[in-house]
Structures are given as C-alpha cells and as structure tokens.
Amino acid sequence: VQHDAAKSLGLLPWTHFRKVTLPQMLVHSIPALGNQAVLLLKDTSLLSAITVIELTMQSKVLTERSGAAYAPFLVAAVFYLAMVWALEVLTQLALRSVRWR
C-alpha cells in the first residue's frame, strides 16, 4: 500500500525508501537494537573468564590486593548501571526521533 501511494505521488525509489520505508523499519528495530546493545555490554563481564581485562576482572584483582570484599564490585555495579542507563537513554532518544507525531 505504501509503495503504491509513494508511486502515485511520484516519489523516486530512494526518496520512497528514505521517507516511507526506513522510518517504519526503524520504529520496530530500534528497541531490539537497544536490547542487543545492553546484552552485549552485560556479556562483556563474561570476558573476564577468557582473561580479557575489563571492569569485573579489575574489581576481582582489586579485591584480592586490598581485601575489601564488596566495595570494588559495588563500584563496578554502579559503572555498569550507568552504562546501561546511558544506552537506554540513547535508545529512547533514537526511538523518539523516528516515531510519527
């Protein structure tokens, strides 16, 4: 239906894609992409098992050196929460920019 309407308006194929098809696709794909970004961020903590040095691994090393059991992991949790919150805000902004008014 949208294709026929765009054709009847005389839109070029690129304009049809940019103005009609792409916004409809983005409305449905941005939430899924945001979820995947959050999952990817949370899965990076699994990389510490593969000896990639990152936030959780550094917290473990700091716990072993200082003897503080919970503080490094609490700080790491706050950092992860801040990163996930930032991704969520970016996802909401992107979704708001493509929604129809």
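Only heavy atoms go into these numbers, but all of them, side chains included; no hydrogens, no water, no symmetry mates.
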Q. Members other than Leu39 in its cluster, when Ile, Leu, Val, Met, Phe, Trp, Tyr link by side-chain heavy atoms under 4.5 Å?
A. none
Taking all non-hydrogen atoms of both residues into account, name the closest pair between [X] and [Y] and its distance.
X: Ala37; Y: Leu87; value: O-CD1, 3.8 Å
X: Val27; Y: Val98; value: CG2-O, 3.7 Å
X: Pro31; Y: Leu26; value: CD-O, 4.4 Å
X: Ser59; Y: Pro72; value: OG-O, 3.3 Å
X: Ser97; Y: Ala94; value: OG-O, 2.7 Å
X: Ser8; Y: Ala5; value: OG-O, 2.8 Å

(Q) Suppose we screen for side chain to side chain donor-acceptor pair (under 3.5 Å). Which residues come up paired with Glu88, at least two apart in sequence or across chains? (A) Gln92
Mind checking whether [X] and [Y] sit in one hydrophobic cluster, side chains of I, L, V, M, F, W, Y counted as touching below 4.5 Å?
X: Leu62; Y: Val75; value: no
X: Met25; Y: Leu95; value: yes
X: Leu93; Y: Trp85; value: yes

If you round to the nearest 0.5 Å, how far is [atom2] of [Y] from [atom1] of [X]?
X: Thr63; Y: Gln58; atom1: OG1; atom2: CD; value: 11.0 Å
X: Tyr80; Y: Phe73; atom1: OH; atom2: CZ; value: 10.5 Å
X: Asn35; Y: Leu40; atom1: CG; atom2: CG; value: 12.5 Å

Check: [Y] and [X] side chains under 4.5 Å, non-hydrogen atoms:
X: Thr15; Y: Leu12; value: yes
X: His16; Y: Thr21; value: yes
X: Thr91; Y: Ile30; value: yes

(Q) Using the ring-ring contact (aromatic ring centres under 6.0 Å, His included) criterion, which residues pair with Phe17? Sequence neighbours excluded. (A) Trp14
